[in-house]
Amino acid sequence: MDRANHLAYCRAGVQFYDHPGRSRAGTPFPATGRPAPPGWRRIETSTWVYLSPENAQLPDQGWKIHVSAKADDAAEVIDTVWEYCLSRSLTFKFLPDTRAHQSTNSKYAPRGSSGKLMTLYPVDDAGLKGALDELGPVLSGYQGPYILSDLRWRQGPLYLRYGGFARRECLSGNGDRTPAVARPDGVLVPDERTPVFRVPDWAPVPGFVAEQIAAGRVAQDGPAFPYTVEKALHYSNGGGIYLATENGTGRRVVLREARPLAGLDGAGDDAVTRLHREAATLRRLAHLDGVPALLGTFTAWEHHFLVQEYIEGQTLQQFTATTNPLTMPGRDARQRQEYVDTVLDILDQLERILESVHATGTVFGDLSPSNVMIRPDGRIALIDFEIAFRPGTEDPDPSIATPGFVAAHATGFDRDRYALDCLRLALFLPLTTMLDLDPARAGQLVDRAAELFPLPAGFTDRVRRTLTPPGTTPRTDRATADLFAATANDSRSPSARKLEQALVTAIRASATPERTDRLFPGEPTALHDGGYTLAHGAAGVLYALTATGHETDPEHHEWLWQATLRAEQPRPGLYDGLNGAAHTLRLLGRADQALDVLNRAIDLTTDATPSGMHEGLAGIGLNLRHLAQALDMPALHTQALQTGERLAARLTGVTRAPAGRAGLMRGWSGPALFFLGLYEDTGESRYLDLARRAVHLDLDHCRRTGTTLTLSDGSRALPTLGAGSAGIAVVLATYLRHRPEEELADALNALHTTLDLDFTVHSGLLAGRAGLAAALAHNHAVDHNTSLSAALTRHIRDLAWHALPYEDGIATIGAQNMRLSMDLATGTAGVLHALRTVAGDLPVLPLLPRPFRNEREDRS
């Protein structure tokens, strides 16, 4: 999930990610409190209220109707459609409250599903046509945001799309699980919910639907669009931003698109309102350097467009992601000084531009790295005036902004000054999103930035003074930082045990066994996958507590078991499904339940199951090996061997792994690790050969730079355990224990060097600092390398950057640095596990062996 999606789960005043619909800020629609009529079933989730006749039998897929409405009409439209559906025994669902409706239509809502207030499920073509013909005239006077994924029915707020009724899943082209529909031959294929209306070429299209499709094409055959779009620069639910060429002149411009009634902000204003406000701002600032020129506005296909000057260059966000020395191994003093000089010049330019904007009475409003352009000659420009405003006028204060660059206490022109000082910190240490949870953390972060860079005198005092709200008491006290520092110096010290106990205290305090969607808070993903998984759910947290020797609550064991039974869409995988739950249940002493869950997972494992460790055959095979021994069931080992043969068959003929699918969790390093386990079981050298081939597929995606070997996704280095260099290094070290090879040993050393970083964005086990520390310790990379030993110490010490007091304990901040997390992959449980790996008590991840240094050291 990206930051925009995480933001949707950030409720004000709540320290964990949670359902947007759980907020008390929304007013329930009258229909939400209405009981089901006799003969009807009613089910309410955090997102929808469903009503269906008790005897309804829906097809698995078909043509569904979506109803759109603007906020003022939503309750009335729901009531109208409710009465119609009851009169026709038509299954339907609707959003429960105003907050859910606003969230669905907000600027950063998913574009493919935005605009949907209600969904109707006709059982056949006759029911579909009847509903369209009968509801269409009744709702013709209402307006709603256009549902991009659908076909609009005439000119009203009804839309239709062919898709799944029942919840089914398959794998997408890049190997991710996605909603599915079945082709006529029964094969499940992705149910594509893109922001463009598409009908599968095999889907049945009733004649009246075909007529509407044709009518829609004719309606778009109006005046020619005056620009040729070259590429999309950015998308939001409010519209896109495009690089385009003006027809006739060839001039390159930027088009900013706004969709009516969509892209709502906190005040309820839509994208069109903000676009015309932005146009007025650009006219007012036309005389200023550093502000793009307004070239015009126009409307096409019901969408509004603003045309502005194209400013060549890169965003400040792109600049710092590729240039900040902290993202690269090594500590070149001259490189850091040059970076400081460049950044200080950028900041000086920004300050002057903001002063000139303020002189017109205007506040820019959304200063962040993505809204600043650096031209090829080094000059700076602001590029997004969408929420600019004039204090003291009729302009509304903005209700949207970039996380980590806005604060409630900074109003008016101080809003920009605060954001500029956030930039002063973020360009050196990009962790300002954490200030939203702990404003007093600014002092700690700016002091660390001053240790890493030669910052000028007075720089840190200025930033600390601006970013720390008056009267703020630091939540991360010196004692917490001292605990991490002491643990870094001695992983078996009393301080290390005290830190461990503080993490455990926080985890236990966060438990919510009364909820059925999650037991421990973590990634938003867990709110939708049953809450039981190893990566983000109860299985991972209970595993970490048990593996580190801490007692767990039997009520929580039962919760995990029951969660596997009530899961609507169970998956077989290790980290995302039932195999992970089975592994933990066995560890908790519930062998019979573990075996039941495992058998259900086996039934779900098919030829469509991916290959990797996270959700695929590699993780499933590793768990089968483990449980075969733990439960003394040789038949499970036979199934593990069969799983190995399926993976071996897949490996045959693969010459290059897909881009973006390398690493331990989803790449071929996971299967390589499983092959190594089968070699240890059987002694058959062909498994070593298979492991070598598999890990090489991931190594082929790594880039050699000097003494480092880095996995990259094309735009940034990935040193992480789950999807980066650290995970490949763990597998390569395991391989070299069995078959030493000089070339691969050199590659391993180069991978280890990549992990010697001063900065990581996140703290978690699979995608952050904890994972780098655990990999270095697991591989014993620090034993004879003072540089890596120092790196390991820094990794443990600087986990304090992401730590916060919670309920008499200590918790860590999860993915996107906007909320606390307790899960294994991104949160506190993963940090707990990593600390024990560093102490030498645990492997880097579940089901991995603990490698010995060598035979002599092992005997000693």
Regarding Q593 and H557, is there a side-chain donor-to-acceptor distance under 3.5 Å anywhere?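 No - no donor-acceptor pair under 3.5 Å links their side chains.
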Side-chain ion pair, [X] and [Y], N-O less than 4.0 Å:
X: E558; Y: R590; result: yes
X: D150; Y: R152; result: no
X: D529; Y: R571; result: no
X: R154; Y: E211; result: no
X: R600; Y: D596; result: yes
X: R625; Y: D681; result: yes
X: E568; Y: R168; result: no
X: R661; Y: D698; result: no
X: E169; Y: R167; result: no

Point-to-point distance, once rounded to the nearest 0.5 Å, from [atom1] of [X] to [atom2] of [Y]:
X: M613; Y: L664; atom1: CE; atom2: CG; value: 4.5 Å
X: T605; Y: R646; atom1: OG1; atom2: CZ; value: 7.0 Å
X: N623; Y: Q639; atom1: CG; atom2: CD; value: 11.5 Å
X: Y532; Y: T564; atom1: OH; atom2: OG1; value: 7.5 Å
X: W559; Y: R518; atom1: CH2; atom2: CZ; value: 10.0 Å

Evaluate the side-chain hydrogen bond (donor to acceptor under 3.5 Å, both in side chains) criterion for residues Y162 and Q61: first the C-alpha distance (whole Å), next the side-chain angles of each, then the deciding distance (0.1 Å), finally the verdict. CA-CA 7 Å; Y162 187 89; Q61 60 199 52; 3.1 Å; yes
Cation over ring face, R41 and Y50, 6.0 Å, 45°: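 Here R41 fails the 6.0 Å and 45° test against Y50.
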When the ring planes of [X] and [Y] are compared, do they come out parallel, tilted or perpendicular, using 30° and 60° as the limits?
X: F675; Y: Y687; value: parallel
X: H528; Y: H19; value: perpendicular
X: Y543; Y: H583; value: tilted
X: Y17; Y: H6; value: perpendicular

Any donor-acceptor pair under 3.5 Å from N105 side chain to H101 backbone: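 Flag set: sc N105 to bb H101 pair under 3.5 Å.
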Is the Y84 to F92 ring centre distance short of 6.0 Å?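 Distance test on ring centres: not under 6.0 Å, no.
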Where do D517 and R566 land on the salt bridge (Lys or Arg N to Asp or Glu O under 4.0 Å) test, with the steps shown first? CA-CA 10 Å; D517 58 341; R566 62 176 171 258; over 6 Å; no
Atom CD of E54 with >12 non-hydrogen neighbours under 6.0 angstrom: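 Yes, enclosed.
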For R111 against N237, the heavy-atom pair lying closest together: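 Of all heavy-atom pairs spanning R111 and N237, the closest is CG-CA, 3.7 Å.
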